[in-house]
Amino acid sequence: MTAVDLPIREAGRDFIRDIVAADLATRRHATIVTRFPPEPNGYLHIGHAKSICLNFGIAEEFGGRCHLRFDDTNPAKEEQEYIDAIERDVRWLGFDWGKHLYHASDYFEQLYAWAEHLIRAGKAYVDDQSQEEIRANRGTLTEPGRNSPFRDRTVEGNLDLFRRMRAGEFPNGARVLRAKIDMAAGNINLRDPVLYRILHATHPRTGTAWKIYPSYDYAHGQSDAIEGITHSICTLEFEDHRPLYDWLLDHLPVPSHPRQYEFARLNLTYTLLSKRVLTELVRGGHVAGWDDPRMPTIAGLRRRGVPPSAVRDFVRRIGVAKANSVVDVAMFDFSVREVLNKTALRRMAVLRPLKVVIENYPEGQGEELEAVNHPDDPSAGTRRIRFGRELYVERDDFMENPPKKFFRLSPGKEVRLRYAYFITCREAVKNAAGEIVELRCSYDPATRGGNAPDGRKVQATLHWVSAADSVAAEARLYNPLFTKPDPNAADFVADLNPNSLEAITGCRVEAALADADSGDPVQFERQGYFCRDPGAPPGRLVFNRTVGLRDTWAKVAGKA
Ligand code: ATP
Ligand code: MG
């Protein structure tokens, strides 16, 4: 797969929506029913968001409904924490399953009865081969598989063994139930697939009631049929499973026969969207948890300050196609900036402070200036900010020996302080080590508000805060978790970006940010969009950078 720039498609039109619209027009279905079927073995990521927006979006647009169904068929890997996180994340994305919350485990009894039905029909058998033997006898893409020596057991023999499997008489792995289809089938999924395996484990919902658990392939289609799903939408890797999906529905007395449709999963540059990798990132301590803002999880995006509408906007832009591709993560950032530019209030924050003393400003005095909260939205109002003799500006906004195009502060240079005055740098004060510790400046009282009555111009406008009235804060700047656009999932540790987190302490932010709420995005002028970290201890002011104002990473990574 190569990175491609996907065209921005017309919102709400793609091949799946075309199928749905046609099925309604021809009255094949009166109501559309879709489902989102996560396995609760990890947190949801942005790839899942694509599936969620597709399934819930179609239900909304066509007046149908979408079920949330936990595919909880493997208690060895599933946990209540994940169930709770998935519900929270789907809701946060803006979707509501109403009363339609289901679990594959709700159907264990029915699924079991249907397995006995297959046995009675001579369409399933208990196989005593080990997992390794089953794999070895499955054949390859070019060679047929070999029949199991246990394939021709009698119906009575199979029923007896299957019931004893259920009763817990055998250890894990001793036997499985397989469909009896065709070991020579061209499609390997039809070579007597496993329907049930023995697993002595505690299930989050059914406890220890079950000693056998259905396979994904066996549980999935039948759950769809029980719920009356009309369009079972999944990712392309299940295309080869569709003949099995249909075979099971054709051979069971199910109440409906849903159709499966496949679409291309989301892949993003500089990102790995695999639960296995994400789980290992968390377990291995490479990130601070599932909601670490560097993670592509919904929880991570939320903590980083990404609004749910930005995720939905992104999914709309990339569209739904049938061919796999890789989307540039810059497209996601674009959607985030689009939303935040409209909603985030503007504030001033100095991340790496350098002290400025205005020598001609009277000591012990101060004043209030008016600053607008949003340049394009007058209804966002204004706020008062304190100005005084001692201020902080950004360290990077001063250079002692500037190159030609550096318009910011340097000895003798005049600049504008946003919403305040013109100031001119007189001198840089150094400590014994030769480091610049303070700038001595003068201000022009006639430029209050930011304009000179004599019409003279300055080439830079800097953000600043008052030394006395600003508050201390920390900032966390996030860069991509991986150094490569296509990190290696098999050895992802080698591709981890050592600079994915830059934690900056000693920042100074304007007083209005002291009681910022984590749900309210802000733009730190000239720096980027931030939100207060909801995970920081109370009283500690920590801001996460959601996204920069421009795509600076592209330059750093040398791809621009
Ligand atoms: P894994 O990461 O191991 O492949 P999974 O993400 O498929 O697991 P599920 O919980 O089964 O885990 O996924 C739920 C649904 O989300 C499935 O229908 C799946 O097709 C869809 N989905 C998963 N990853 C993506 C993706 N990257 N893009 C779009 N849809 C996805
Ligand atoms: Mg899956």
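We're numbering straight along the sequence, starting at 1. Order of appearance sets the numbers: ligands from 1, and atoms from 1 within every ligand. All values below were derived from every heavy atom in this structure, side-chain atoms included, with hydrogens, water molecules and symmetry-related copies excluded. For clarity, every value in this text was computed on a predicted model and none was experimentally measured.
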Quiz prompt | Carboxylate-amine/guanidinium contact Arg476 Glu502, below 4.0 Å | solution =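 No, this pair does not count.
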Quiz item: Taking the six-membered ring of Trp92 as reference, does the NZ or CZ atom of Arg302 fall below 6.0 Å from its centre and within a 45° cone about the axis?
Solution: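 Yes.
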Practice problem: Answer yes or no for Arg175 and Phe170: cation-pi contact, defined as NZ/CZ to six-membered ring centre under 6.0 Å and angle to ring axis within 45°. | Solution: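 Yes.
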Self-check item: Any side-chain donor near an acceptor of the partner, Arg265 and His48, under 3.5 Å
Solution: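 Distance-only check fails for Arg265 and His48.
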Exercise. Give a yes/no verdict on whether any heavy atom in Phe36 is under 4.0 Å from an atom of ligand 1.
Key: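 So Phe36 counts as touching ligand 1.
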Quiz item: Contact between Glu237 and ligand 1, counting heavy atoms under 4.0 Å?
Solution: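 No; Glu237 lies far enough from ligand 1 that no heavy-atom distance drops under 4.0 Å.
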Quiz item: Who gets closest to atom 13 (O) of ligand 1 by heavy atom: Arg69, His48, Lys50?
Solution: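 Checking each option, the heavy atom nearest atom 13 (O) of ligand 1 is found in His48.
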Exercise. Nearest heavy atom to atom 27 (N) of ligand 1 wins, so pick from Leu266, Asn41, Asp71.
Key: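 Looking at heavy atoms only, the winner is Leu266.
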Quiz item: Taking non-hydrogen atoms only, is Arg276 closer than 4.0 angstrom to ligand 1 via side chain, backbone, both or neither?
Solution: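 Arg276 to ligand 1: no contact under 4.0 Å from either part.
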Exercise. Answer yes or no: are there more than 12 heavy-atom neighbours, outside Lys322 itself, under 6.0 Å from its atom NZ?
Key: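 Correct, the count exceeds 12.
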In ligand 1, which numbered atoms sit nearer than 4.0 Å to a non-hydrogen atom of [X]?
{"X": "Ser274", "value": "2 (O)"}
{"X": "Thr235", "value": "19 (C), 20 (O), 29 (C), 30 (N), 31 (C)"}
{"X": "Pro37", "value": "14 (C), 18 (O)"}
{"X": "Pro38", "value": "10 (O), 14 (C)"}
{"X": "Lys275", "value": "2 (O), 6 (O), 9 (P), 10 (O), 12 (O)"}

Practice problem: Step through it carefully: locate the ring centre of Tyr218, locate the ring centre of Tyr196, and say whether they are under 6.0 Å apart. | Solution: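 Centroid separation for Tyr218 and Tyr196: below 6.0 Å.
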Exercise. Verify whether the ring centers belonging to Phe314 and Phe332 lie closer than 6.0 Å.
Key: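 Yes, ring centres under 6.0 Å apart.
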Exercise. Check Tyr102, Trp97, Phe36, Phe95 against His67 for a ring-ring contact (aromatic ring centres under 6.0 Å, His included) and give me the one that passes.
Key: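 Filter result, single survivor: Tyr102.
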Quiz item: Does any N/O atom on Phe238 come nearer than 3.5 Å to any N/O atom on ligand 1?
Solution: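 No, Phe238 has no N/O under 3.5 Å of an N/O on ligand 1.
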